[in-house]
Amino acid sequence: MIAESMYQELILEHYKHPQGRGLREPYDAEVHHVNPTCGDEITMRVRVGDGGKIEDVSYDGQGCSISQAAASMLYELASGSTAGETLAVVDEFTRLMQGRGKVEPDEDVLGDAVAFAGVAKFPARVKCALLAWMAYKDALVRSTT
Amino acid sequence: MTTVTGVGLDVERIRKDFPILSRELPGDRPLIYLDSGNSAQKPLQVIETMREHMAAHYGNVGRAMHVLGAESTEAYEAARDKIAAFVGAPSRDEIVFTKNASEALNLVAYAFGNPAGDDPRFRMGPGDEIVLSEMEHHSNIVPWQLLARRTGATLRWFPVTDEGRLDLSGIDDLINERTKIVSIAHQSNVLGTVNPVATVLARVRQAGALLLLDASQSVPHRPADFAALGADFVAFTGHKMVGPSGIGVLWGRGELLAAMPPFLGGGEMIEAVWMDHSTYAPAPHKFEAGTPPIVEAIGLGAAADYLTSVGMEAVAAHERELTAYALRALGEIPSLRVIGPTDLEARGGTVSFTLAGIHPHDVGQILDDAFGVAVRVGHHCARPLHLRFGIPATTRASFYLYNTTSEIDALVRGLHHVQKVFA
């Protein structure tokens, strides 16, 4: 049962108890991303403070456990970090997801997000995992321009 | 496994005709294929017919003056005869081979508001109306949206009731003297609902409009009699009726096909070509530009032969038993909600449902991975219908002649496991 390895306890935990969910004020940028093949969607807001510090990431959306857990974990990882630090995590997460299960994840960079390593073996689900992270990257770009 | 569940249908024997059903999935899981509404599996009779044609008879059709050309043309046109007989078409020249049902639907849509045609029934402009239903597949929505954009015509919609039936309460207003065409599914690919063609047709005739049926989900599953059905056009596809992909069918009343402009231009659809204009071959060839899917058409003919030999009455009876069994078994799962009719009245063997708090993608992934159960998850190319029910997606099990009640038992076991994982 390969998929059992995809549904890590940590992922299910984030799905059942999402962290930081709900749209909040104030924010610098808001984006809405959809996954047209499955209808998953997310609205994401970011608030960036002095020195590029991420003051808040807030989101709302609907989708499968993978997409929702990824958003929740992103919130935890981004809170309190700087924009630059989080972009490094986003890049490593993207590399892992697009690695078809053959990429060795850098746990030091990813932290808890390493739990998603199993998703990379399921090409149809990679987009689910990346939805929130791509939305975050987009929102960050918009907040600084 | 249960052997005989249908009236006069030996499932165990039928399953032997479909080699893929006895394959194993990685991890020694058996395959439990409950996704025939998406695409059906193929019997040896179809596979062998196509192989044999390519190995011994293949040539281009309608234009090659040699033995292979003659044999291919004969087999291709014989497939048309078989399909005409299978669906009860009044004339074999009313069977147009297309790439799939989508192309068949687009072909009809392109006949409207088309300057290359001059028949008043196909004129379309601002003020004219096109009537669809909320339960349509995107294939029967988008071509009409594009047509409405090209011509300025208005799209109108049959609502769907909470029970998943076509809401006929406003039909007299909905279909009126401004209506040019009504295009609806014969059977919904999500709800399983079989729509009341006679009722809709009566109003269509009063209004002087045309009726197109998307029969992709009905022709494979029960006896078809297009002459008795009385519609103006019927579209369906080969791959859902144990035939190959790449071949679909448009049936149209002969005098309408004659009045319509061509769809694609190209070889073999012409009568004569000058540099400034062309005249066209009569239907069906007018609509079959270029080298057609020859082997696929022949394979579809073999699929019709296969289904006829099993007996479409027996196929329908078998699926009815499976559907009754599934509705009963699924109804016992807590927090499972069937989207569509929960009785057998005017419904086919497609059952879509939601599990409270669990996204269909997660349901489908675990069913596949832990139990080898193949279902479809998502909006099934019917997003407006899902929006109407306020849900993003459903899990859909769809049955065919080779399915058994023990496969439905496996689905139910799988669903209980899914609920445990996400509890």
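Chain A is the first sequence line, chain B the second, and so forth, proteins listed ahead of strands; every chain is numbered from 1.
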**Q** Counting neighbours of CZ on B/R383 that are heavy atoms of other residues, nucleotides or ligands and sit closer than 6.0 Å, is the number greater than 12?
**A** no

**Q** Side chain, backbone, both or neither: which part of B/F371 has a non-hydrogen atom closer than 4.5 Å to chain A?
**A** neither

**Q** What closest approach, in Å, do B/V421 and A/L12 show between heavy atoms, and which atom pair accounts for it?
**A** O-CD1, 3.7 Å

**Q** Could you check whether atom CZ of A/R24 has more than 12 heavy atoms from other residues, nucleotides or ligands sitting under 6.0 Å from it?
**A** yes

**Q** Which atoms form the tightest heavy-atom contact between B/H359 and A/D40, and what is the distance?
**A** NE2-OD1, 3.4 Å

**Q** Would you say CD of B/E24 has more than 12 non-hydrogen atoms from neighbouring residues, nucleotides or ligands within 6.0 angstrom?
**A** yes

**Q** Indicate the atoms forming the closest heavy-atom contact of A/R125 with B/H361, along with that distance.
**A** NH1-O, 3.4 Å

**Q** Compare every heavy atom of A/Y15 with every heavy atom of B/I358, then report the nearest pair and how far apart it is.
**A** CA-OH, 4.0 Å

**Q** Is it the side chain or the backbone of B/H379 that comes within 4.5 Å of chain A heavy atoms, both, or neither?
**A** side chain

**Q** Do you know the tightest heavy-atom contact between B/P392 and A/Q62?
**A** CB-NE2, 3.5 Å

